Amino acid sequence: MRQLTYYIGCSLDGFIAGPDGETDSSGFDGDLKDAILSEFPETIPTHAREGLGLADVPNKVFDTILMGRATYEPALRIGVTSPYAHLRQYVFSSTLTRNDPEVEVVSGDPVEFVRGLKRQPGAGIWLCGGAGIAGQLLGEIDQLVVKRYPVVFGSGIPLFRAPFAPADWQLCESRVFLTGTTLASYVQRQEH
């Protein structure tokens, strides 16, 4: 069965963006940049791949991306309707209309939709964000891959927007980069 991975960047204080969606990409540099480009090349938007030498690089981990509307909207604001054309793209929204034939808008239950995707053949499924859809899909996430940048936002959009319900995760791998960013992978701890 395919796995759902929430691969996301956040601040030291656990925010994926500022209160109005602001981000800080200053940590995408040096050895961290090299690791992302070599290990997760498909997580670079299509319009940026050529400039980074990734135009013909095959996907390594994921063949599908899931986004909430707020995650998809920054691409629309710059005129990009298919930000990850090298992946199957799904946007969860009850109000958005389809802007591109390569991007499917899903208005139904995200949990049932993801369960159906997991049963289909294919590579990994990347949950790109945001907090609301991550909170709804928390029980379906098989792996967390969190890039924690050395910056404090103070407030903003959290990793998850969900009711209080502690869930245990097991650390699988953790690396520290020269930029000060950490990259940690977790899997859901199995109950005994």
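Everything numeric here is computed off the predicted structure, so don't read it as measured data. When reading the values below, keep in mind they use all heavy atoms of this one structure, side chains included, and skip hydrogens, waters and symmetry mates.
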Q: Mark yes or no for whether Ser38, through its side chain, and Asp34, through its backbone, hold a donor-acceptor pair below 3.5 Å.
A: yes

Q.
Checking the side chain of Arg49 only, and the main-chain atoms of Leu54 only, is there a donor and an acceptor separated by less than 3.5 Å?
A. yes

Q: Verify, without hydrogens or angle tests, whether Asp13 (side chain) and Val152 (backbone) share a donor-acceptor contact under 3.5 angstrom.
A: no

Q) Is it true that Glu39 and Lys60 have a side-chain N and a carboxylate O under 4.0 angstrom from each other? A) no

Q. Between Arg69 (side chain) and Val91 (backbone), is there a donor-acceptor pair under 3.5 Å?
A. no

Q.
For Glu173, is there any backbone N or O sitting under 3.5 Å from a side-chain donor or acceptor partner on Ser185?
A. no

**Q.** Interatomic spacing from NZ in Lys147 to SG in Cys10 - rounded to 0.5 Å
**A.** 9.5 Å

Q: Work out which heavy atom in Trp126 is nearest to a heavy atom in Tyr7; give both atom names and the distance.
A: NE1-O, 3.0 Å

**Q.** Side-chain touch Leu66/Leu4, heavy atoms, less than 4.5 angstrom
**A.** yes

Q) Can you tell me if Arg148 uses its side chain to pair, donor with acceptor, with the backbone of Leu12 under 3.5 Å? A) yes

Q) If you round to the nearest 0.5 Å, how far is OH of Tyr84 from CG of Asn59? A) 12.0 Å

Q: For residues Thr179 and Lys33, determine if any side-chain heavy atom of one lies less than 4.5 Å from a side-chain heavy atom of the other.
A: no

Q: Identify the two heavy atoms, one from Ala162 and one from Gly135, that lie closest to each other, and give their separation to 0.1 Å.
A: CB-CA, 3.8 Å

Q: Rounded to the nearest 0.5 Å, what's the gap from CD1 on Ile36 to CD on Glu42? Could you check?
A: 11.5 Å

Q. Would a distance-only check, ignoring hydrogens and angles, find a side-chain to backbone donor-acceptor pair under 3.5 Å from Glu140 to Arg115?
A. no

Q) Can you name the one residue among Ile65, Val114, Ile133 that meets side-chain contact (heavy atoms from CB on, under 4.5 Å) with Leu127? A) Ile133

Q. Does the side chain of Thr81 come within less than 4.5 Å of Tyr72's, by heavy atoms?
A. yes

Q: Rounded to the nearest 0.5 Å, what's the gap from OH on Tyr90 to CZ on Phe113? Could you check?
A: 4.5 Å

Q: Mark yes or no for whether Gln188, through its side chain, and Ile141, through its backbone, hold a donor-acceptor pair below 3.5 Å.
A: yes

**Q.** Test item: Asp142 and Lys118 side chains (from C-beta on) under 4.5 Å apart, heavy atoms
**A.** yes

(Q) Within the 4.5 Å heavy-atom criterion, are Leu183 and Val145 side-chain neighbours or not? (A) yes

Q | Gap separating the CD1 atom of Ile16 from the CZ atom of Phe160, nearest 0.5 angstrom | A | 9.5 Å

**Q.** Separation between SG of Cys128 and CD of Gln89, rounded to the nearest 0.5 Å
**A.** 10.5 Å

Q) Just by distance, do the side chain of Arg2 and the backbone of Ile125 share a donor-acceptor pair under 3.5 Å? A) no

Q. Has the side chain of Thr71 got a donor or acceptor atom that lies under 3.5 Å from a matching backbone atom of Gly130?
A. yes

Q: Answer yes or no: are there more than 12 heavy-atom neighbours, outside Gln120 itself, under 6.0 Å from its atom CD?
A: yes

